[in-house]
Amino acid sequence: MHSHWRDCQEWSKIGLPLSTTSNEACKMYDAVVTQYVGWYEEDSVGGMEGSMGKMMQADPDFVMGKVIGAWFQLGGKSTNTDEKLKQYVEGLVQSAQSNNLTSREKQHVDAIQLWAEKYPFSCPIS
C-alpha cells in the first residue's frame, strides 16, 4: 500500500518537527501513525509491531515514539493499577524533561501523563 514515509526534514516542512535526528525513527513514526489511522497492517515495515520496534531501535530516546507507545499501552489501564505502565509513563516524562522538545511534543507527553494518572477521567484540553 504505502511505500514513502516522511523523514525528519519532511515532518519539519509540514510544520510538525520531531525532536530526533534519526530519519529512520521519523519514517517508522509515520508508518505507525499511518497504519493506526488507516486501520491496516503494512507488511513492508512489519506491521504496527514491527514499525514500533524499528522506530525505537533507531532512536530509543525518541519522545514521540514513546508517546505513541504509551498511547497503545494505556488502552483502558491506569498507572494507579498497572506498575509496568506507571514505570513506562514515568520514563517518558523523565526523558521529555531532558530533551529539547517542541511545545507540541511536550503537550503530547503531558496529555499521556494526565490520561495515565487520571483514567477513567478525561484530560483537560486547553
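Computed from a predicted model, the values in this text were never measured in an experiment.
Note that CZ of Phe62 is 10.5 Å distant from OG1 of Thr21, once rounded to the nearest 0.5 Å. Interatomic distance, Trp5 CH2 to Asn23 CG, rounded to the nearest 0.5 Å: 15.5 Å. Between the CG atom in Leu18 and the OH atom in Tyr29 there is a gap of 6.0 Å [rounded to 0.5 Å]. Taken to the nearest 0.5 Å, the NE2 atom of His108 stands 9.0 Å off from the OG1 atom of Thr102. Here Asp43 contributes atom CG and Gln35 contributes atom CD; the two are 9.0 Å apart, rounded to the nearest 0.5 Å. Here the CG atom belonging to Leu16 is positioned 9.5 Å from the CD atom belonging to Glu105, to the nearest 0.5 angstrom.
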For residues 86-93, which side-chain donor-acceptor pairs fall under 3.5 Å, sequence neighbours excluded?
{"unit_1": "Tyr88", "atom_1": "OH", "unit_2": "Lys66", "atom_2": "O", "d": "3.1"}

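Side-chain contact between Gln57 and Met52 is absent, with no heavy atoms from C-beta onward closer than 4.5 Å. Residues Trp11 and Pro17 fail the side-chain proximity criterion, which asks for heavy atoms closer than 4.5 Å. Side-chain contact check for Arg104 versus Met64: some heavy-atom pair is nearer than 4.5 Å.
Between Ser95 and Asp61, the side chains place no donor N or O within less than 3.5 Å of an acceptor N or O (distance only, hydrogens not considered). With 3.5 Å as the limit, one finds no donor-acceptor pair spanning the side chains of Ser51 and Glu42.
Nearest heavy atoms, Ala25 versus Ala58: N-CB, 3.6 Å.
Applying the salt bridge (Lys or Arg N to Asp or Glu O under 4.0 Å) test to pairs two or more places apart or on separate chains, those with a residue in residues 15-34 are Arg6-Asp30.
With hydrogens and angles disregarded, a donor-acceptor distance shorter than 3.5 Å links the side chain of Glu10 to the backbone of Asp7.
Atom CD of Gln9 sits in a sparse spot, with 12 or fewer heavy atoms from other residues, nucleotides or ligands closer than 6.0 Å.
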